[in-house]
Amino acid sequence: MAKKRINILIFSSIWSFIIGILTALYLNLINYIIDFIWGYFNHHNNFSLRPAYPFLICIPFGIIIGFLVKKLGSYPLTIEEVLHDVRKNGKLNYHSWWKSFTLGLLSLGAGGSIGPEASTTVLTSGMINWLGDKIRLMTAHYKSWVHFWQVRVDKDELLDSPKFSELFNSKKYKKWFIDFNILIGLVGTIFIFKLFPEEGAFGIHERPIHWSWTILWYSLIPVIGGMFFAYFFLYLEKIFTKVESWALPALLKATLWGIVLSFLTLVTDYALFSGEFHIVPFSKTALSYSPLFLLLIALIKTISTHAGFAMGWRGGKIFPAIFASVAVGAAIAQFIPIQPAITVSLTVAASITIILEKPLLTAVLLIFLLPISLAPLIFITAYVVMFIHQFILKRTSLNSLIH
C-alpha cells in the first residue's frame, strides 16, 4: 500500500507539472496567434490597408466561428459555467475540451474583445479532472506502471472506482495532496513563462505616488464612478444575454458580429482584443484623450465584449472590464486634483470588486496590474466597496437589474 501511494504521488507530480506546462503553452499560443494575425496591424499605424484590415480578418473568422458554433455548440464555457458543472456533477466533463480549445483560439485570434481566462479555465480544469480520474483508476485497478501513462480513461472501470474524496484517510492529507500538486503545476507554468517570456500587463509596476490629505476628500469621486460603471457593465451584460436567445442562425449571428466589430474599429482600435496587453501602455497615454472620448472607449469596449459574447464570440470578460474601467478612471482623473494613477486605481478597484463580487481576488489581481505602492489602498477600497455593494443590494431593487 505504501509503495502504491508513493507511485501515485510520483505520477500526480509528473502530470501536475505537465498540466502546468500545457496551460502556459496554451496562453503563449494565444499570444503567438494574435501576433501572427494582427502583429503588423498593431505595430504599423500608416500602412495603406489598415482601415480595411479588420474587415478582411473579422468577417471570414466570423463565418468560421458561426459554422463551428452551429456544429459544436456554445464554447468555450465560461468560468461560471465550469463552476456550475463542478457544483452540480462534482466534476467537469473534460471529453469536450477540444471544442473550447478550438472556438476559444478562433475568437481570440479573430480579435474578439474577450479574454483567455474562460478557455484556459476549461482546459486546465479538464486536465485536473482527468488526472483525478486517473488517480481513482490507479488506486482501484492499475497494478503496472504501463497503465499509469495511458491517456485514455476507461469509463466502465471508472464507475467501479471510489470517489476522489474517498482515496484519502483524512481531510488534512487530502488538502496536503491537492496543495502539493497545485504547487507543482505552478512550477511548470512558471518554467514555460521563464523559458518563453511574453511581455504582458502582469508584473510589479513601480510608480512614485504623491500622498496628500486631499486624497481622502476626493477619493470618493472615482470610487462612486467605478461603482456606477460596474453596475452599467453588469446591466448591459444582462441585456445582451437576451441576444443569445434570438431566433437567428448561429452562422448569421457570428458573421454579423464580425461585420459590426470591423466597423467599430473605425472609431477605435480598442474595440479589439481583451485589452490585457494594452492596459499598461493605454494608462500612460489615456490622459491625452478627451474625457468624452475616454467614456466612448469604455462604452465601445463594454458593448464589444457583451455583444460579441452573445453573438458567439465567447470568452472571458475580466480583462475587457478592467480596460474599460481604466478608461473611465482616466476620464474622471481630468476633473479632480489628485494624482491620476490614484484616481484610475480607485476606479478600477471599485468597478472590478462589484463585477467579480470577490474583494480578495480583485485586490490580488489588481496589485499585479496597478502600481504596487497602491496595494494597501486597493485592498481597503475593495472591501469597503463590497460592503457598500451588499448594503445597496439588500436595500434596493438593483439586484434584479444586474443579475
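The first residue in the sequence is number 1, and the count goes up from there.
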S.K.: Do other residues, nucleotides or ligands put more than 12 heavy atoms under 6.0 Å from Lys238 NZ?
M.R.: yes
S.K.: Flag yes if more than 12 heavy atoms outside Phe67 fall under 6.0 Å of its CZ atom; otherwise flag no.
M.R.: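 Open.
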S.K.: At their closest point, which heavy atom of Ile79 faces which heavy atom of Ala118, and how far apart are they?
M.R.: CG1-CA, 4.4 Å
S.K.: Atom CG in Leu25, atom CD1 in Ile192: separation rounded to 0.5 Å?
M.R.: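 Here the interatomic distance stands at 4.5 Å.
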S.K.: Relative to Phe11, does Lys134 satisfy both conditions: NZ or CZ under 6.0 angstrom from the six-membered ring centre, and within 45 degrees of the ring's axis?
M.R.: no
S.K.: Which atom pair, heavy atoms only, marks the closest approach of Ala350 to Thr381?
M.R.: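 Distance-wise, the nearest heavy atoms are N-CG2, 4.2 Å.
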S.K.: Hey, does Thr305 have a side-chain heavy atom less than 4.5 Å from the side chain of Leu236?
M.R.: no
S.K.: Answer yes if the ring centres of Phe41 and Trp38 are under 6.0 angstrom apart, and no otherwise.
M.R.: yes
S.K.: Quick check: closest heavy atoms across Leu103 and Ile65, and the distance to 0.1 Å?
M.R.: CD2-O, 4.0 Å
S.K.: Can you tell me how far the CG atom of Leu295 sits from the CD1 atom of Ile300, to the nearest 0.5 Å?
M.R.: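 Here the interatomic distance stands at 11.5 Å.
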S.K.: Which donor-acceptor pairs under 3.5 Å do the side chains of residues 251-262 make with protein atoms, sequence neighbours left out?
M.R.:
residue	atom	partner	partner atom	Å
Lys253	NZ	Glu244	O	3.1
Thr255	OG1	Leu251	O	2.7
Ser262	OG	Pro54	O	3.2
Ser262	OG	Gly258	O	2.7

S.K.: Taking the side chain as C-beta and beyond, is there a heavy-atom pair between Leu183 and Asp179 under 4.5 Å?
M.R.: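 No; the side chains remain at least 4.5 Å from each other.
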S.K.: In sequence, state the C-alpha distance, the side-chain angles, and the governing distance for Asn28 and Phe193, and then conclude on side-chain contact (heavy atoms from CB on, under 4.5 Å).
M.R.: CA-CA 8 Å; Asn28 277 356; Phe193 284 155; 3.8 Å; yes
S.K.: Report the distance from atom CG of Asn129 to atom NE2 of His95, rounding to the nearest 0.5 Å.
M.R.: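 Atom-to-atom, Asn129:CG and His95:NE2 are 10.0 Å apart.
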S.K.: Please assess Phe229 against Ile354 for the test side-chain contact (heavy atoms from CB on, under 4.5 Å), listing each intermediate value before the final yes or no.
M.R.: CA-CA 10 Å; Phe229 174 72; Ile354 290 176; over 6 Å; no
S.K.: State the CG-CZ distance between Leu294 and Phe282, to the nearest 0.5 angstrom.
M.R.: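 One finds 5.5 Å between CG of Leu294 and CZ of Phe282.
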S.K.: Is the backbone of Gly104 close enough, under 3.5 Å, to the side chain of Lys99 for a donor and an acceptor to pair up by distance?
M.R.: no
S.K.: Is any side-chain heavy atom of Trp98 closer than 4.5 Å to one of Leu72?
M.R.: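 Side chain of Leu72 against side chain of Trp98, heavy atoms only: contact under 4.5 Å found.
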S.K.: So, do Val384 and Phe387 sit near enough that their side-chain heavy atoms are less than 4.5 Å apart?
M.R.: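 Heavy-atom side-chain distance check fails, nothing below 4.5 Å.
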S.K.: Are there more than 12 heavy atoms of other residues, nucleotides or ligands under 6.0 Å from atom CG of Leu216?
M.R.: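 Counting other residues, nucleotides and ligands, CG of Leu216 exceeds 12 neighbours.
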S.K.: What are the two closest heavy atoms between Val364 and Phe368, and how far apart are they?
M.R.: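 Of all heavy-atom pairs spanning Val364 and Phe368, the closest is O-CD1, 3.1 Å.
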S.K.: Side chains of residues 323-337: which donor-acceptor pairs under 3.5 Å do they make with residues two or more places apart or in other chains?
M.R.:
residue	atom	partner	partner atom	Å
Ser325	OG	Ala321	O	2.7
Ser325	OG	Ser351	OG	2.8
Gln334	NE2	Tyr289	O	2.9

S.K.: With no hydrogens and no angle check, is any side-chain donor or acceptor of Thr268 less than 3.5 Å from a backbone partner on Leu264?
M.R.: no
S.K.: Where do Tyr75 and Phe101 land on the ring pair (Phe, Tyr, Trp, His ring centres under 6.0 Å) test, with the steps shown first?
M.R.: CA-CA 9 Å; Tyr75 290 91; Phe101 176 84; over 10 Å; no
S.K.: Roughly how far, to the nearest 0.5 Å, is OH of Tyr26 from CG of Asn31?
M.R.: 10.5 Å
S.K.: Would a distance-only check, ignoring hydrogens and angles, find a side-chain to backbone donor-acceptor pair under 3.5 Å from Ser125 to Val122?
M.R.: no
S.K.: How far apart are the closest heavy atoms of Met127 and Leu22, and which atoms are they?
M.R.: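 Reported closest heavy-atom pair: SD-CD1, 3.7 Å.
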S.K.: Kindly indicate whether the side chain of Glu357, heavy atoms from C-beta on, has any atom under 4.5 Å from the side chain of Leu393.
M.R.: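 Touching, per the 4.5 Å side-chain cut-off.
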S.K.: Quick one: which residue pairs count as a side-chain hydrogen bond (donor to acceptor under 3.5 Å, both in side chains) with a foot in residues 218-232, not counting sequence neighbours?
M.R.: Tyr231-His389
S.K.: Once you measure the plane-to-plane angle for Trp176 and Phe180, does it fall in the parallel (<30°), tilted (30-60°) or perpendicular (>60°) bin?
M.R.: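 Parallel, since the angle between the ring planes stays under 30°.
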S.K.: Side chains of Leu29 and Leu105: closer than 4.5 Å at any heavy-atom pair?
M.R.: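 With C-beta onward as the side chain, the pair touches.
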S.K.: Under the side-chain contact (heavy atoms from CB on, under 4.5 Å) rule, what do Phe379 and Leu360 come out as? Steps first, then yes or no, please.
M.R.: CA-CA 7 Å; Phe379 271 93; Leu360 180 59; 3.8 Å; yes
S.K.: Check for a donor-acceptor pair, side chain of Lys301 on one end and backbone N or O of Tyr270 on the other, with a separation under 3.5 Å.
M.R.: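 Side chain of Lys301 to backbone of Tyr270, a donor-acceptor pair under 3.5 Å: yes, one is there.
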S.K.: If I take atom CD1 from residue Ile380 and atom CG from residue Leu374, how far apart are they, to the nearest 0.5 angstrom?
M.R.: 11.0 Å
S.K.: With a 4.5 Å limit on heavy-atom distance, are the side chains of Ser13 and Asn181 in contact?
M.R.: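 In contact.
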S.K.: I would like to know whether Thr23 and Thr124 meet side-chain hydrogen bond (donor to acceptor under 3.5 Å, both in side chains); could you show each step before the answer?
M.R.: CA-CA 6 Å; Thr23 299; Thr124 305; 3.0 Å; yes
S.K.: Please report the C-alpha distance between Ile114 and Arg314 in whole Å, then the side-chain angles of each, then the deciding distance to 0.1 Å, and finally whether the side-chain contact (heavy atoms from CB on, under 4.5 Å) criterion is met.
M.R.: CA-CA 7 Å; Ile114 48 172; Arg314 292 168 62 93; 5.8 Å; no
S.K.: Tell me if a side-chain donor or acceptor on Glu237 pairs with a main-chain N or O of Ile402 at a distance below 3.5 Å.
M.R.: no
S.K.: Write down the atom of Ile19, the atom of Ile128, and the distance for their closest heavy-atom approach.
M.R.: CD1-N, 4.1 Å
S.K.: Could you tell me how the ring of Trp130 sits relative to the ring of Trp15: parallel (under 30°), tilted (30 to 60°) or perpendicular (over 60°)?
M.R.: perpendicular
S.K.: Would you indicate whether Tyr173, at its atom OH, is surrounded by more than 12 heavy atoms from other residues, nucleotides or ligands within a distance under 6.0 Å?
M.R.: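 Correct, the count exceeds 12.
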S.K.: Can you establish whether the number of heavy atoms outside Tyr53 located under 6.0 Å from its atom OH is more than 12?
M.R.: yes
S.K.: So do the side chains of Leu369 and Leu366 get within less than 4.5 Å of each other, counting heavy atoms only?
M.R.: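 Yes - at least one pair of side-chain heavy atoms lies under 4.5 Å apart.
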